[in-house]
Amino acid sequence: MAAAGGGYADILRAPHALRLLVGTLVGRLPNGTAHIAIALFTRAEGGSYSLAGALAAVYGLATAAGQPLLGRAVDLHGQPRVQLPAALVSALGMAWLAAAGIGSLPVAFAAVVVAGFFTPPLEGGLRALWPSVLGGGDRVHRAYALDAVAQEVMFTVGPLLVTVLVWLWSPAAALLLINAAGVLGALSVVASAPSRAWRSEPREAHWLGALRSPGLLALLGAFFFVGLAMGSITVAALAYADLHGGDAVYGALMAALGLGALVGGLGYGARPWSGEPEARLRVLVALLALGYLPLVLAPGVAAMTALSALAGVFLAPAIACAFVVVDRHALRGTVTEAFSWLVTTFGVGAAAGAAVAGPAIELAGVAWSFAVAGAGGAAALLVLVATRRVLAAPAVAGRAETVKPVRVSENDRNGTVEPGFSEGRQA
């Protein structure tokens with residue numbers, strides 16, 4: 001674990017790295033907490049659970065639709081010209097919801113569509129920046145792992161922050177403050193020298209964009225099922241908790257799942273990795289699927305909590321490795337869009353998993369509803385195995401290893417990029 005800390009400390013000491021990581025996490029707070037904030041606001045306004053779920057689902061679908069399109073816009077026009085305006089429009093959408101309430105359902109749904117669709121693709125943007133900030137190679141791989149670990153922290157702290165803001169003020173205030181923080185996070189990122197200097201590589205104009213990469217399509221197919229597994233666990237665990245102690249048990253299971261991912265991500269980033277990442281990803285997804293299978297036993301709370309932690313261990317490493325594979329298979333000029341597609345596909349898979357787990361509970365019971373997660377992991381592995389030849393031929397071999405860093409003048413207080421180094425990605 002000490003090695004992990006040392007490896008991550010090396011990443012965070014790099015110029016701009018800590019600012020970019022923190023700014024991205026803060027900028028993504030609105031998206032990471034929206035389902036909770038929207039549900040609490042809807043209930044406070046007198047809306048039903050069904051309406052709260054519908055608004056949250058529409059927000060999620062709008063986000064899924066907007067991420068790859070905004071990612072493509074970033075590749076075409078740069079980060080500052082897309083990320084900050086998108087963050088502002090998304091925040092205005094949530095402010096519209098907070099001001100209008102749910103008295104007019106068309107207005108409420110329109111507001112969450114605006115907020116979701118214009119969620120800035122900060123996650124994909126950060127991963128596009130890492131090679132130019134860190135110089136490529138193993139440091140970029142560790143940064144991807146650090147990013148996955150930081151997400152687990154955000155998904156733990158974010159809901160708690162929303163709850164505190166609701167308790168101190170109101171659900172409407174929570175909506176406004178979380179989204180204001182999101183704008184500030186996006187501003188911190190796009191005002192940095194690496195973000196302002198970053199330029200996508202030249203790309204061939206095509207309406208499919210990043211989806212022209214066969215390797216990326218294979219990876220998206222696999223991670224749809226990884227998302228399905230995760231989404232099913234959230235619903236299956238809720239049903240388990242209803243039979244074994246209620247909300248406190250559910251919170252313990254979700255916390256254990258996050259803790260497992262946190263530990264796995266720290267361990268994965270503790271050492272350098274040799275060999276092709278595509279082969280390593282198959283191993284990690286296989287271990288992830290195996291970790292889900294024991295959940296079917298649905299033992300007592302203590303044992304189930306331990307099994308949940310085990311199920312989470314290989315999630316962050318698999319995601320971090322997938323980032324490396326995406327970078328290798330993204331066609332020239334489509335890297336941000338490609339990362340955004342992975343985020344979108346994972347989210348759509350999670351939504352599908354949540355939808356499938358409900359009927360599974362009713363048809364086969366709580367214990368077997370966890371089999372959906374195991375099946376999702378197995379399906380993801382089958383996709384990776386079936387497409388191994390496609391994944392063996394990266395669009396740009398060793399992309400992350402060949403990127404040169406952005407050079408920033410040490411004497412320039414404004415972080416102006418030196419002449420000749422205006423491109424953050426160089427083939």
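- For L92, the side-chain contact (heavy atoms from CB on, under 4.5 Å) criterion is met by no residue, not counting sequence neighbours.
- Every residue meeting the ring pair (Phe, Tyr, Trp, His ring centres under 6.0 Å) condition with Y268, not counting sequence neighbours, appears here in chain and number order: W273.
- For S213 (side chain) and H329 (main-chain N/O), a donor-acceptor pair under 3.5 Å exists by modelled atom type.
- In terms of modelled atom types and a separation under 3.5 Å, the side chain of S195 and the main chain of S192 share no donor-acceptor contact.
- Looking at S170, its side chain never comes within 3.5 Å of a backbone N or O of V166 through a donor-acceptor pair.
- When all heavy atoms of L129 and P194 are compared, the closest pair comes out as CD2-O, 3.6 Å.
- Side-chain contact between L287 and V283 is present, with at least one heavy-atom pair separated by less than 4.5 Å.
- Between V189 and Q83 there is no side-chain heavy-atom pair separated by less than 4.5 Å.
- In this structure, R328 CZ and L216 CG are separated by 14.0 Å, a value rounded to the nearest 0.5 Å.
- Taken to the nearest 0.5 Å, the CG atom of L165 stands 11.0 Å off from the CG atom of L40.
- With sequence neighbours left out, F323 forms a ring pair (Phe, Tyr, Trp, His ring centres under 6.0 Å) with Y144.
- Between A193 and H16, the closest heavy-atom pair is CB-CE1, 4.0 Å.
- Between L12 and L146, some side-chain heavy-atom pair lies under the 4.5 Å cut-off.
- I361 and A236 make their closest contact through CD1-CA, 4.3 Å (heavy atoms, listed as atom of the first residue, atom of the second, distance).
- Here the closest non-hydrogen pair linking A37 and L175 is CB-CD2, 3.7 Å.
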side-chain contact (heavy atoms from CB on, under 4.5 Å) between I233 and Y292: does it pass, once the steps are laid out?
CA-CA 9 Å; I233 286 179; Y292 290 149; 3.5 Å; yes
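- At distances below 3.5 Å, not a single donor-acceptor pair connects side-chain atoms of R72 with backbone N or O atoms of L76.
- No side-chain donor-acceptor contact under 3.5 Å links S188 to the backbone of L184.
- Ion pairing of R28 with E123 is present here, as a side-chain N (NZ or NE/NH1/NH2) and a carboxylate O approach within less than 4.0 Å.
- When side chains are defined from C-beta on, L177 counts as touching W169, because their heavy atoms get closer than 4.5 Å.
- Here the closest non-hydrogen pair linking A222 and A380 is O-CB, 3.3 Å.
- In this structure, the side chains of L220 and F224 stay at 4.5 Å or more apart for every pair of heavy atoms.
- Side-chain contact between D10 and R139: present, with at least one pair of heavy atoms (C-beta onward) separated by less than 4.5 Å.
- Remark: the backbone N or O of Y59 is paired with a side-chain donor or acceptor of T63 at under 3.5 angstrom.
- No donor-acceptor pair closer than 3.5 Å links the side chain of S340 to the backbone N or O of P68.
- Under a 3.5 Å cut-off, the side chain of S104 and the backbone N or O of A100 do not form any donor-acceptor pair.
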For a side-chain contact (heavy atoms from CB on, under 4.5 Å) check, start with the C-alpha distance between V383 and F223, then their side-chain angles and the critical distance, and finish with the verdict.
CA-CA 9 Å; V383 171; F223 268 75; over 6 Å; no
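- With values rounded to the nearest 0.5 angstrom, E278 atom CD is found 15.5 Å from R389 atom CZ.
- Inspection of the T344 and Q67 side chains reveals no N or O donor paired with an N or O acceptor under 3.5 Å.
- Here the CG atom belonging to L219 is positioned 7.0 Å from the CG atom belonging to L384, to the nearest 0.5 angstrom.
- The shortest distance between side-chain heavy atoms of L97 and M94 falls below 4.5 Å.
- Between F225 and L382 the shortest side-chain heavy-atom distance does not fall below 4.5 Å.
- When all heavy atoms are compared, the tightest approach of E337 to D75 is N-OD2, 3.0 Å.
- A donor-acceptor pair is defined here as one N or O able to donate and one able to accept, closer than 3.5 Å; no such pair exists between the side chain of S232 and the backbone of G353.
- One distance of note links CG of L122 with CZ of F339; it measures 14.0 Å at 0.5 Å rounding.
- A donor-acceptor contact shorter than 3.5 Å is absent between the side chain of N179 and the backbone of P30.
- Among the candidates V112, V58, L51, T33, the single residue satisfying the side-chain contact (heavy atoms from CB on, under 4.5 Å) test with I38 is V112.
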Quick one, L21 with L126, criterion side-chain contact (heavy atoms from CB on, under 4.5 Å). Give me CA distance, side-chain angles, the key distance, then yes/no.
CA-CA 7 Å; L21 179 64; L126 176 62; 4.2 Å; yes
Where do I319 and V226 land on the side-chain contact (heavy atoms from CB on, under 4.5 Å) test, with the steps shown first?
CA-CA 10 Å; I319 292 175; V226 174; 5.8 Å; no
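- Between L342 atom CG and D327 atom CG the span is 12.0 Å, to the nearest 0.5 Å.
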